[in-house]
Amino acid sequence: MSKGKAGTKTVAQNRKARHDYHIEQVFEAGIALTGTEIKSVRAARVQLKDSFARVQNGELLLYNVHISPYEQGNRFNHEPERTRKLLMKRLEILKLNGLVRERGYSLVPLSIYLKGGWAKVELALVKGKKNYDKREDLKKKDAAREVERALRERQKA
């Protein structure tokens with residue numbers, strides 16, 4: 001868990017999404033959760049691996065997000081990987097639906113965080129990277145790391 005912008009606390013991040021996709025645009029959406037789910041989210045027991053979002057019947061739905069069952073939840077506990085509804089304005093949902101259908105984008109959650117007591121999802125409009133794109137990004141990252149290392153050694157001398 002980390003503190004981000006003022007009043008927000010990041011609960012889970014999808015680091016692999018930034019590696020596997022070109023991120024075109026980022027949106028914020030609320031999540032409809034049950035009582036035991038929000039307690040597990042506040043305890044940072046969330047995993048975003050292989051999760052995605054899709055527009056169905058005018059609603060934005062989140063799939064494959066694992067929220068662990070709440071330990072004190074007894075029989076009222078939730079199913080860990082159930083489909084969850086995302087809350088956005090209707091016009092934004094229609095816009096996302098159009099982009100996904102016509103231009104071949106996908107919707108991937110980048111992170112889940114708490115903002116003012118409410119659970120939010122950072123949802124990205126993405127296009128898949130090819131293997132050579134991933135290698136290129138790794139080369140750039142390595143080069144930047146080498147430059148940083150050289151500058152640090154130069155300042156010490």
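None of the values given here were measured: they were computed from a predicted structure.
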Got R42 and L114 here, is their nearest side-chain heavy-atom distance under 4.5 Å? yes

Should Y105 and V126 count as side-chain neighbours, where that means a heavy-atom distance under 4.5 Å? no

Linking I/L/V/M/F/W/Y whenever any side-chain heavy atoms sit under 4.5 Å apart, do L87 and L33 land together? no

Non-hydrogen side-chain atoms of E59 and V55 separated by less than 4.5 Å: no

For residues L60 and L99: do they belong to one hydrophobic cluster (side chain heavy atoms under 4.5 Å, members Ile, Leu, Val, Met, Phe, Trp, Tyr)? yes

Report yes if the side chains of H66 and S68 come closer than 4.5 Å at any heavy-atom pair, otherwise no. yes

In sequence, state the C-alpha distance, the side-chain angles, and the governing distance for V26 and L110, and then conclude on side-chain contact (heavy atoms from CB on, under 4.5 Å). CA-CA 9 Å; V26 178; L110 297 179; 4.2 Å; yes

hydrophobic_cluster_shared for F27 and L48, side chain cutoff 4.5 Å: yes

Less than 4.5 Å apart, any side-chain heavy atom of K115 and any of E28? yes

Side chains of E122 and S111: any donor to acceptor distance under 3.5 Å? yes

Tell me whether R15 at atom CZ has more than 12 heavy atoms from other residues, nucleotides or ligands lying less than 6.0 Å away. no

Closer than 4.0 angstrom, basic N to acidic O: yes or no for R149 and E146? yes

Other residues, nucleotides, ligands: >12 heavy atoms within 6.0 Å of E102 CD: no

Roughly how far apart are L96 CG and L91 CG, rounded to 0.5 Å? 11.0 Å

Without swapping roles, check the side chain of T36 against the backbone of Y70 for a donor-acceptor pair under 3.5 Å. no

Taking all non-hydrogen atoms of both residues into account, name the closest pair between G128 and H22 and its distance. O-CD2, 4.0 Å

Check for a donor-acceptor pair, side chain of R84 on one end and backbone N or O of V65 on the other, with a separation under 3.5 Å. yes

Beyond-backbone contact of L86 with L61, side-chain heavy atoms, under 4.5 angstrom: no

Look only at the side chain of E37 and the backbone of T34, and say whether a donor-acceptor pair between them is shorter than 3.5 Å. yes

Lys/Arg-Asp/Glu bridge criterion (N-O < 4.0 Å) met for D142, K139: no

Specify the closest pair of heavy atoms between E24 and K127, including all atoms of both residues, with the distance to one decimal. OE2-CB, 4.5 Å

Considering non-hydrogen atoms only, spot the tightest contact between V11 and V41 and give its length. CG1-O, 3.1 Å

